[in-house]
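Following: one structure in structure tokens, then a few remarks.
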Amino acid sequence: MKASVLVAVTDLFFLARIQRVAEELGLTVVPVRNVADLLTCARSERPAAIIFDLMDRRIDAEAALDAIKADDQLKGIPTVGFFAHVHTEVKDRARRAGCDRVLPRSVFIPQLPHLLIEIITSAAEGRER
């Protein structure tokens, strides 16, 4: 079964980049547009990870992270968030909400293939146990 990644990103530029790299690595990308959809998809898909655009005001990443980390079924799903490097308060809030990895956009994009390979590896190891 192909691993999936939920992507809480509505910016089409970033969504397309994430989709292209993920699909090249064999991951299925499931875009979500709001917190309710994200939680529903996370429960049904059991994704290998969830990626957040922490700057996207249409998706309340902080509320989603709080809900994920409070849910025994979801709290083990790795989360990655990216933000505009000048907004360190966004980074701090995401970390407090439990985001596993928080990266500036300028680091996230070039490291995306490596991050996704880690996600694939981790998902495969989890399935073997």
Side-chain angles (χ1 to χ4, degrees):
M1 185 171 148
K2 202 170 179 180
S4 66
V5 176
L6 294 186
V7 181
V9 176
T10 59
D11 180 301
L12 295 179
F13 172 76
F14 285 106
L15 180 58
R17 287 188 86 171
I18 294 166
Q19 284 179 311
R20 186 179 71 246
V21 173
E23 289 170 0
E24 286 173 0
L25 295 171
L27 286 167
T28 299
V29 173
V30 180
V32 292
R33 300 270 181 228
N34 57 55
V35 175
D37 288 347
L38 184 144
L39 296 173
T40 299
C41 285
R43 287 186 185 99
S44 66
E45 293 282 328
R46 193 64 185 155
I50 302 171
I51 298 174
F52 292 93
D53 178 350
L54 299 171
M55 301 306 299
D56 192 333
R57 301 214 185 272
R58 292 169 279 193
I59 299 173
D60 186 346
E62 199 172 338
L65 286 161
D66 286 340
I68 290 165
K69 297 306 177 178
D71 186 316
D72 287 337
Q73 183 183 354
L74 304 179
K75 68 183 175 185
I77 299 170
T79 53
V80 178
F82 61 91
F83 68 101
H85 74 279
V86 296
H87 293 280
T88 57
E89 74 284 354
V90 171
K91 171 185 72 172
D92 295 339
R93 284 196 314 268
R95 284 200 173 132
R96 279 194 302 274
C99 194
D100 299 313
R101 283 201 166 152
V102 184
L103 304 166
R105 284 179 181 162
S106 60
V107 174
F108 172 77
I109 293 300
Q111 293 219 356
L112 183 58
H114 176 70
L115 287 169
L116 293 176
I117 289 169
E118 282 182 25
I119 288 167
I120 293 166
T121 303
S122 201
E125 288 172 356
R127 282 192 301 268
E128 290 172 5
R129 290 183 193 152

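The residues of the chain are indexed from 1 along the displayed sequence.
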* Could you list all the ring-ring contact (aromatic ring centres under 6.0 Å, His included) pairs where at least one residue sits in residues 6-33, not counting sequence neighbours? => Phe14-Phe82

* To do: Grab the two heavy atoms, one from Pro78 and one from Ala48, that are nearest each other, plus how far apart they are.
  => CD-O, 3.2 Å

* What pairs with Asp100 under salt bridge (Lys or Arg N to Asp or Glu O under 4.0 Å), at least two apart in sequence or on another chain? -> Lys69

* Hydrophobic cluster partners of Val86 (side-chain heavy atoms under 4.5 Å) -> none

* **Inter- and intrachain pairs under salt bridge (charged side-chain N to carboxylate O under 4.0 Å, His left out), touching residues 47-60, at least two apart** => Asp53-Arg105, Asp56-Arg58

* Quick one: CD1 on Ile68 to NZ on Lys75, what's the gap to the nearest 0.5 Å? -> 13.0 Å

* Verify the cluster assignment for Leu38 and Ile18: are they in a single hydrophobic cluster under the rule of side-chain heavy atoms below 4.5 Å apart? => no

* Side-chain heavy atoms under 4.5 angstrom apart, residues restricted to Ile, Leu, Val, Met, Phe, Trp, Tyr: same cluster for Val7 and Val102? -> no

* **Contacts of type side-chain contact (heavy atoms from CB on, under 4.5 Å), residue Ile77, not counting sequence neighbours** => Ala42, Arg46, Pro47, Ile50, Leu74

* With sequence neighbours excluded, what pairs up with Glu62 under the side chain to side chain donor-acceptor pair (under 3.5 Å) test? -> Arg93

* Asked: By side chain to side chain donor-acceptor pair (under 3.5 Å), which residues pair with His85, not counting sequence neighbours?
  -> none

* Asked: About how many Å separate CG of Asp92 and SG of Cys99, when rounded to the nearest 0.5 Å?
  -> 12.5 Å

I'd like a table of donor-acceptor pairs (distance under 3.5 Å, sequence neighbours excluded) in which one partner is a side-chain atom from residues 108-115, with atom names and distances.
{"unit_1": "His114", "atom_1": "NE2", "unit_2": "Glu118", "atom_2": "OE2", "d": "2.6"}

* With sequence neighbours left out, write down each residue that passes side chain to side chain donor-acceptor pair (under 3.5 Å) with Asp71, or none if nothing qualifies. => Arg43

* When rounded to the nearest 0.5 angstrom, what distance separates CG in Leu65 from CZ in Arg95? -> 12.5 Å

* Joint cluster assignment, Leu15 & Leu6, ILVMFWY side-chain distance < 4.5 Å -> no

* **Approximate separation, where rounding is to 0.5 Å, of Leu39 CG and Gln73 CD** => 10.5 Å

* Asked: Nearest heavy-atom pair of Val9 and Ile59: which atoms, and what distance?
  -> N-CD1, 3.9 Å

Would you list the atom pairs, donor with acceptor, under 3.5 Å between side chains in residues 20-34 and any protein atom, with sequence neighbours excluded?
{"unit_1": "Asn34", "atom_1": "OD1", "unit_2": "Ala36", "atom_2": "N", "d": "3.2"}
{"unit_1": "Asn34", "atom_1": "OD1", "unit_2": "Asp37", "atom_2": "N", "d": "2.8"}
{"unit_1": "Asn34", "atom_1": "ND2", "unit_2": "Asp37", "atom_2": "OD2", "d": "3.4"}

* Can Ile117 be reached from Val5 by stepping across I, L, V, M, F, W or Y side chains whose heavy atoms are under 4.5 Å apart? -> yes

* Tell me the ring-ring contact (aromatic ring centres under 6.0 Å, His included) pairs involving residues 33-80, sequence neighbours left out? -> none

